[in-house]
Amino acid sequence: MTVMKTSMRNFFAHKGRMALSAVAVLLSVAFVCGTLVFTDTMNTTFDKLFAATSSDVTVSAKGASDSGETTSGNGKPPVMPASVLGKVREAQGVKSAEGSVFSSSVTVVDADKDSLSPSSGAPTIVGSWNANEARTMKITSGAAPKNSGQVMVDADTVDKHHLKLGDEIGVISAVGTHKAKISGIADFQVTNPGAAIFYLDTRTAQETLVGETGVFTNVNVTAASGVTDAQLKQNVAAEVGGAYKVQTAKETADANQKDVEGFMSVMKYAMLGFAGIAFLVGIFLIINTFSMLVAQRTREIGLMRAIGSSRKQVNRSVLTEALLLGVFGSVLGVGAGVGLAVGLMKLMGQMGMHLSTADLTVAWTTPVVGLLLGVVVTVLAAYLPARRAGKVSPMAALRDAGAPADAKAGRIRALVGTVLTGAGGYALYLVTQADKAKEGSLWLGLGVVLTLIGFVVIGPLLAGGVVRVLGAVVLRGFGPVGRMAERNALRNPRRTGATGAALMIGLALVACLSVVGSSMVASATNQLDKTVGTDFIIGSDGGQLITPQAVEAVKSTPGLERVTEYKWTEGDFTTPDGKTLDDTAITAADPSYATDLRTETVAGKLEDAYKPDSMSVHETFAKDHGIHLGSKISVAFKDGSTADLTVRAITSSDVVIDAGAMYTSIDTLAKYVPADKLPLDDMVFATAKEGQQDAAYKSLKSALHDYPQYKVRDQTDYKEALKDQIGQLLNMIYGLLALAIIVAILGVVNTLALSVVERTREIGLMRAIGLSRRQLRRMIRMESVVIALFGALLGLGLGMGWGATAQKLLALEGLTVLEIPWPTIGGVFIASAFVGLFAALIPAFRAGRMNVLNAIAAE
């Protein structure tokens with residue numbers, strides 16, 4: 001009988017047992033392929049969108065970014081005079097040209113002042129309706145805006161917020177609030193990735209977004225027949241001169257794509273990382289499956305060896321089974337991956353980012369990568385069991401029902417595991433001694449990898465002691481059934497260790513991230529308590545700057561002791577070491593900010609930085625450029641003149657809030673920057689009079705009722721917002737880790753199912769001497785629980801160690817508080833017991849249904 005025939009026979013003889021391993025391969029491959037298809041589809045969607053919305057040539061103001069608008073310090077988009085449009089129209093090769101105005105630094109609200117902005121983080125765009133927009137938008141109801149009282153809204157926003165023709169909405173910009181009624185609804189002719197778009201007539205857009213007529217943010221140019229975009233760009237650039245930015249459609253689309261590229265790459269590689277974790281967990285499942293199948297077929301393998309099969313043939317037979325498993329699981333995984341990508345697209349649609357299945361992109365590399373990965377991982381995972389099968393001697397196999405324990409291998413495992421764990425522990429110790437976060441992060445990565453591998457290798461040796469302790473605590477209350485469950489878990493420590501290791505990996509990451517997240521929140525909260533000396537923080541979640549009218553509303557609120565304005569701008573710094581640093585950030589605030597934020601200084605007093613022609617720098621900046629108290633820094637302010645500022649304070653770099661900020665006073669900034677060029681406030685801080693905090697809080701909210709773009713937060717609100725942001729990130733990560741934990745649960749199910757088959761005769765004998773079906777099922781469930789708790793104990797302990805070490809790196813960045821989230825850790829540990837119970841349901845049910853006589857007769 002050929003090796004292939006033997007492998008095929010064995011593969012189909014154990015269909016049920018192989019199915020769970022195939023599911024692990026399927027899930028892992030599906031995650032990889034789904035990620036690739038999903039991100040490729042998003043790239044296709046954005047490519048089509050940017051290509052469709054870009055005119056042949058676009059002329060924009062010099063201050064605009066490569067991909068479009070950049071809001072200046074006054075909260076308005078950079079503009080150019082309408083005369084540019086006339087010059088563009090005179091250029092050779094121009095078929096048509098039109099000016100447009102748009103801005104994404106806006107808030108749009110309904111009549112109840114509820115935001116109409118997307119919840120997905122996509123932009124809110126308000127612009128003028130023009131022929132270029134008509135290429136990608138079709139008016140499906142009503143009409144385009146013709147006067148200041150009309151606005152047109154995209155159909156997706158209308159559906160989401162249940163708007164209709166005639167409803168009033170408010171457009172809030174740095175200029176003020178403009179109210180208009182919906183005159184039309186336009187539908188996207190390309191896939192909308194989630195933006196909310198509102199159209200005004202050109203004159204109203206100019207007045208609402210810029211505050212003056214006769215200006216444009218862009219001029220959209222269409223080429224005459226036979227004129228290439230490159231030729232047209234050259235002709236237009238020659239006509240308008242070098243004062244404006246001129247881009248072809250491809251350059252505009254590429255710049256827009258570059259903006260989303262960073263986000264897409266991070267998302268893609270993060271998801272692939274979690275798929276890799278699922279693959280790692282799946283490896284343990286496959287190793288366990290083949291190890292147990294080899295052990296159960298020891299007699300069969302011995303007979304094959306006795307009648308002439310060589311080691312290579314036995315080895316090849318097991319690897320061929322693994323190859324069949326890998327191919328089967330991977331093919332299904334590729335198909336499931338496409339389905340997963342479609343599911344992700346639907347989920348993103350629920351969150352506001354609309355992706356059309358018409359853009360579904362399956363590159364030829366995706367199934368190739370999925371198949372190769374699934375097959376290679378499966379075959380590699382089966383290599384050790386296959387090698388072990390080849391080593392079984394014919395006589396030993398014929399004498400023994402199972403593979404004999406290898407004492408020498410156990411000693412080697414103990415030595416290797418101890419060395420790896422010790423080396424990993426030492427690397428983690430070096431993290432705590434690092435002076436710089438970058439240096440420490442390398443040791444952290446090495447320590448995590450080595451301790452993880454070390455615990456996996458040494459797991460079977462730990463199983464004996466840990467399971468006995470867990471058995472004493474958890475199982476002894478169940479009497480003889482509990483003791484049998486404990487002994488079953490101890491019977492094959494290698495199997496118990498590998499099964500527990502699969503669960504350990506996922507839970508170690510959960511514990512580590514929980515510790516890091518809790519420590520970040522606790523550290524930031526501690527910093528807020530220690531350094532923030534103001535009661536209220538006013539700002540916009542959408543990044544809109546605070547208008548003078550809103551600042552005045554805050555200042556006129558009764559019950560306030562002081563109000564502090566906080567601005568941000570840029571300048572070209574010339575430092576004492578002769579270096580020029582372009583576009584360096586500097587913060588301008590009222591002198592009371594030194595009280596509102598009690599930033600630690602290493603030299604001088606922070607309040608002195610707010611004296612005329614004075615500033616502060618942070619410690620790292622001072623060391624890098626040889627700056628000390630009294631040093632002069634030349635600052636060429638953006639939109640202003642050059643000032644020679646004296647360094648009066650050097651702040652600590654080990655802070656969380658305003659880390660790396662350099663301060664000067666608003667009066668100093670106003671001395672060198674014209675009043676009409678002064679940036680608007682980024683934030684405003686308000687402090688109530690003694691004993692009037694509650695009343696002032698209500699009064700502030702009332703005073704800013706007409707400015708819904710701004711949020712009033714007290715310190716409690718601010719802490720909750722911070723906690724929610726980190727919590728949302730952790731929940732997303734936990735969701736991705738759930739795949740690895742699902743695969744680990746399959747591993748427990750598979751281990752129990754195979755162990756039940758292995759113990760068929762034993763189960764029959766126990767039933768024959770009086771063990772009831774209920775007791776049998778309970779025994780298997782208890783065995784599963786103790787294995788799950790073993791994996792959880794190792795994982796949570798390891799993860800907390802990683803998290804505590806990672807916090808030492810965060811401490812170098814000012815996050816100094818270590819907090820262990822005991823409720824989360826305890827909840828995960830208890831949940832692991834339920835995971836064990838769930839995993840044992842099917843194996844326990846099957847064991848309970850065994851025929852006693854047939855089980856006793858089994859070999």
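Quick caveat, the model's predicted, so the values are computed rather than measured.
In this structure, V215 and V101 approach most closely via the heavy-atom pair O-CG2, 3.6 Å. When all heavy atoms of K638 and V673 are compared, the closest pair comes out as O-CG2, 4.1 Å. Closest heavy-atom contact between R562 and S592: CD-CB, 3.8 Å. Smallest separation of non-hydrogen atoms from D154 and M137: CB-CE, 4.0 Å. Summarising the geometry of I538 relative to V554, their closest heavy-atom pair is CD1-CG1, 4.4 Å, with the distance given to 0.1 Å. Of all heavy-atom pairs spanning Q692 and G559, the tightest one is OE1-CA, 3.4 Å.
Checked by atom type, the side-chain pair T361/T44 shows a donor-acceptor distance below 3.5 Å. No donor-acceptor contact under 3.5 angstrom links the side chains of T557 and S699, judged on distance only. A donor and an acceptor atom, one from each side chain of T58 and S55, are located under 3.5 Å apart.
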Begin with the C-alpha distance, continue with both residues' side-chain angles, and end with the deciding distance and a verdict on side-chain contact (heavy atoms from CB on, under 4.5 Å) for V175 and K76.
CA-CA 8 Å; V175 176; K76 303 173 186 177; 4.1 Å; yes

Test side-chain contact (heavy atoms from CB on, under 4.5 Å) on I546 and L680 and set out the steps.
CA-CA 6 Å; I546 303 177; L680 299 180; 5.9 Å; no

CA sep, side-chain torsions, deciding dist, call: Y244, V219, side-chain contact (heavy atoms from CB on, under 4.5 Å):
CA-CA 11 Å; Y244 306 102; V219 171; over 6 Å; no

List the steps and the verdict of side-chain contact (heavy atoms from CB on, under 4.5 Å) for E207 and T213.
CA-CA 6 Å; E207 293 172 342; T213 58; 3.8 Å; yes

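The CG atom of L678 sits 10.0 Å away from atom CZ of F637, with the distance rounded to the nearest 0.5 Å. Note that CD1 of I657 is 10.0 Å distant from CZ of R598, once rounded to the nearest 0.5 Å. The line from CG of D110 to CG of D167 is 8.5 Å long, rounded to the nearest 0.5 Å. For the atom pair D590 CG and D667 CG, the distance stands at 7.5 Å (nearest 0.5 Å). In this structure, CD in E561 is found 6.5 Å from OG1 in T687, a value given to the nearest 0.5 Å. Within the model, atoms CD of E168 and CG of D112 stand 10.5 Å from one another, a figure rounded to the nearest 0.5 Å.
Within a 6.0 Å sphere centred on NZ of K719, other residues, nucleotides and ligands contribute more than 12 heavy atoms. Atom CG of N147 sits in a crowded spot, with more than 12 heavy atoms from other residues, nucleotides or ligands closer than 6.0 Å. Within a 6.0 Å radius of CZ in R203, no more than 12 heavy atoms belonging to other residues, nucleotides or ligands are found. Around atom NZ of K113, more than 12 heavy atoms belonging to other residues, nucleotides or ligands sit under 6.0 Å away. Other residues, nucleotides and ligands place no more than 12 heavy atoms under 6.0 Å from the OH atom of Y718.
Side-chain atoms of S148 do not come within 3.5 Å of backbone N or O of T204 as any donor-acceptor pair. Between the side chain of D717 and the backbone N or O of D714 there is at least one donor-acceptor pair closer than 3.5 Å. Using modelled atom types, no side-chain atom of S518 and backbone atom of V515 make a donor-acceptor pair closer than 3.5 Å. Listed for the S519 side chain is a donor-acceptor partner under 3.5 Å among the backbone atoms of E819. Judged by distance alone, with hydrogens and angles left aside, the side-chain atoms of T140 form a donor-acceptor pair with the main-chain N or O of I185 at under 3.5 Å. Using a distance-only test at 3.5 Å, with no hydrogens or angles considered, no donor-acceptor pair links the side chain of N220 to the main chain of N218. Without hydrogens or angle criteria, Y710 side chain to L545 main chain gives a donor-acceptor distance under 3.5 Å. Between the side chain of N526 and the backbone N or O of A522 there is no donor-acceptor pair closer than 3.5 Å. E98 places a side-chain N or O within 3.5 Å of a backbone atom of N132 that can act as its donor or acceptor partner. Checked by atom type and distance alone, the side chain of S540 pairs as donor or acceptor with a backbone atom of Q709 at under 3.5 Å.
Results of the side chain to side chain contact (heavy atoms under 4.5 Å, CB included) test with F216 over L85, V79, V210 single out L85 as the only residue that passes. The one candidate from Y199, F198, F102 that meets the ring pair (Phe, Tyr, Trp, His ring centres under 6.0 Å) condition with W129 is Y199. Results of the side chain to side chain contact (heavy atoms under 4.5 Å, CB included) test with M152 over I139, I197, D201 single out I139 as the only residue that passes. Residue Y566 forms a side-chain hydrogen bond (donor to acceptor under 3.5 Å, both in side chains) with just one option from D658, D596, D681, and that option is D658.
Between S141 and L165, the closest side-chain pair of non-hydrogen atoms falls below 4.5 Å. A 4.5 Å side-chain heavy-atom check between T534 and T564 finds every atom pair outside the cut-off. Within the 4.5 Å cutoff, the side chain of Y697 has no heavy atoms near those of the Q693 side chain. The closest side-chain heavy-atom distance from V126 to T208 is not below 4.5 Å. Between H178 and S173 the shortest side-chain heavy-atom distance does not fall below 4.5 Å. Side-chain contact check for Y707 versus T547: some heavy-atom pair is nearer than 4.5 Å. Contact annotation: the side chain of V551 approaches that of E565 to within less than 4.5 Å [non-hydrogen atoms, C-beta and beyond]. A 4.5 Å side-chain heavy-atom check between D639 and P679 finds every atom pair outside the cut-off.
Between Y610 and Y593, the distance from one ring center to the other does not fall under 6.0 angstrom.
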